[in-house]
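All of these numbers come straight from a predicted model, not from anything done at the bench. Read the numbers this way: they start at 1 and go in the same order the structure lists the ligands and their atoms.
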Amino acid sequence: MSLNIQYEGFQTKAVHVGEEPDFREGATGDVVVPIHLSTTFARQKVAIPTAGYEYVRTQNPTRKALEVKLASLENAKYGLAFSCGLAAETTVLLSLLNPGNHIIAFDDLYGGTKRLFDKIFIKLGFEVSYVDATDSSRVAEAIKPATKLVWIETPSNPLLKVSDIKAIANITRQHGLILAVDNTFLSPYFQKPLDLGADIVVHSSTKYIGGHSDVLGGVVMFNDDNFHERLQYHQNAIGAVISPFDSYLTLRGVKTLALRMEQHQKNALDIAHYLEQHPKVSKVIYPGLKSHPQYNLLRLQTTGYGGVLSFEIKGTIADAERFLESLKIFALAESLGGVESLIELPSVMTHASVDKEVREKIGITDTLIRMSVGVEDVKDLISDMKQAFEQIKIL
Ligand SMILES: *Cc1c(COP(=O)(O)O)cnc(C)c1O
């Protein structure tokens, strides 16, 4: 593979990088990288692994193709693929930090990341402070001598708060800290945190990168050679790697990332406008609306707004539940980023583990609904919502 072709465009890279046909003697010129299931690789000389491959946990050609492709999409020098987003996060933390180190994290993080910090890493002797990272000065104020890493997610989940990656990167650089950005919500198609000064990008490729709600995975991308040595060592030593088959499914999914993101966004914007004027809706949160508090910042640091939006129904939690249970096309389900539209009630589903007081304080009310808009025909999605709204009594 790796013929050293330099591709320019995002879609060209998404289709071709890592999967260039192999024309060497005996090779067959596949235009799709094969699923290499072999767990071990034979060699002819004791000290020379064939093409660098030894054992599947350490490296595998299908996973390698995925890592190379995803790194190119994120404008990164290196990419490493894991069994899921949380495995990727765990490996980053164990590779780069030591017990006693202090982490500054955004207070509106993916619930699983917060649980990883609070229930696992704090027990191991790490310290974590949560701040509202939409105000970069809060990040600077939280720095202590033991601080090593800042962890943000932008836009955040489910409130779609946006933090200023460049401004935070300036702070972390001045203090010699590592800035990690979870880029799951916008995907590299709309946002490239490394170009804005972040040191590490993490994704749950289970979401938009895979894109079809059928494969679990996680990726870490970065440019630093020293990080590469440490992360690759820990990836092999810890072993939470993505399988060859899941690498193939993710490769297959990511080829249409750009097409899907455009359609997710188009549909999401139409739905946001529909909801904004709806008498039974009190609030719509979507980064593509001018009413979003960080609309201008977002326009500077991204090329799009994504396909996730949240809104609040006027009424009680029972009204919200009736609305959700009446939908026919939207699947009432956790997760996001697939071709099918998903909808959920964070206070009862994804964010049930967050204390009610904390939830209310940051804005996750009982009737806040989060939607991952799929790529269906938007008029069908709006008709579905219309009939579900009719099930709620006039207030
Ligand atoms: C889903 C998700 C994760 C965790 O990824 P898994 O693949 O489920 O382990 C991390 N961050 C964000 C923003 C997510 O949406």
Ligand 1 N/O within reach of [X] N/O, cut-off under 3.5 Å:
X      : answer
Cys84  : no
Leu336 : no
Glu153 : no
Asn157 : no
Thr113 : no

Under a 4.0 angstrom heavy-atom cut-off, which atoms of ligand 1 come close to [X]?
X      : result
Gly217 : 7 (O)
Gly85  : 5 (O), 6 (P), 7 (O), 9 (O)
Lys207 : 1 (C), 2 (C), 3 (C), 14 (C), 15 (O)
Asp182 : 10 (C), 11 (N), 12 (C), 13 (C)
Thr206 : 7 (O)
Glu89  : 10 (C), 11 (N)
Ser204 : 1 (C), 2 (C), 3 (C), 4 (C), 5 (O), 6 (P), 7 (O)

- [ ] Report yes or no: is the cationic atom of Lys161 (NZ for Lys, CZ for Arg) closer than 6.0 Å to the six-membered ring centre of Phe185, at no more than 45° off its axis?
- [x] no
Open item on the list: Can you see whether Tyr130 has Lys114 sitting over its ring - NZ or CZ less than 6.0 Å from the centre and within 45° of the normal?
Closed with: yes
Task: Selection from Phe185, Tyr110, Tyr208 by shortest heavy-atom distance to atom 3 (C) of ligand 1 - done: Tyr110
TODO: Could you identify which residues cluster with Val32, counting Ile, Leu, Val, Met, Phe, Trp and Tyr as linked when any side-chain heavy atoms lie under 4.5 Å apart, either directly or through a chain of such contacts?
DONE: Val31, Ile35, Leu37, Val215, Phe245, Tyr248, Leu249
Open item on the list: Please give the remaining members of the hydrophobic cluster of Val375, linking ILVMFWY side chains under 4.5 Å, ordered by chain and number.
Closed with: Val339
Task: Nearest non-hydrogen partners of Leu309 and Leu160, listed with the distance - done: CA-CD1, 3.7 Å
Is there a donor in the side chain of [X] and an acceptor in the side chain of [Y], or the other way round, less than 3.5 Å apart?
X      : Y      : value
His203 : Glu74  : yes
Asn170 : Arg173 : yes
Glu153 : Thr113 : no

Task: Among Glu229, Arg230, His228, side chain to side chain donor-acceptor pair (under 3.5 Å) partner for Asn226 - done: Arg230
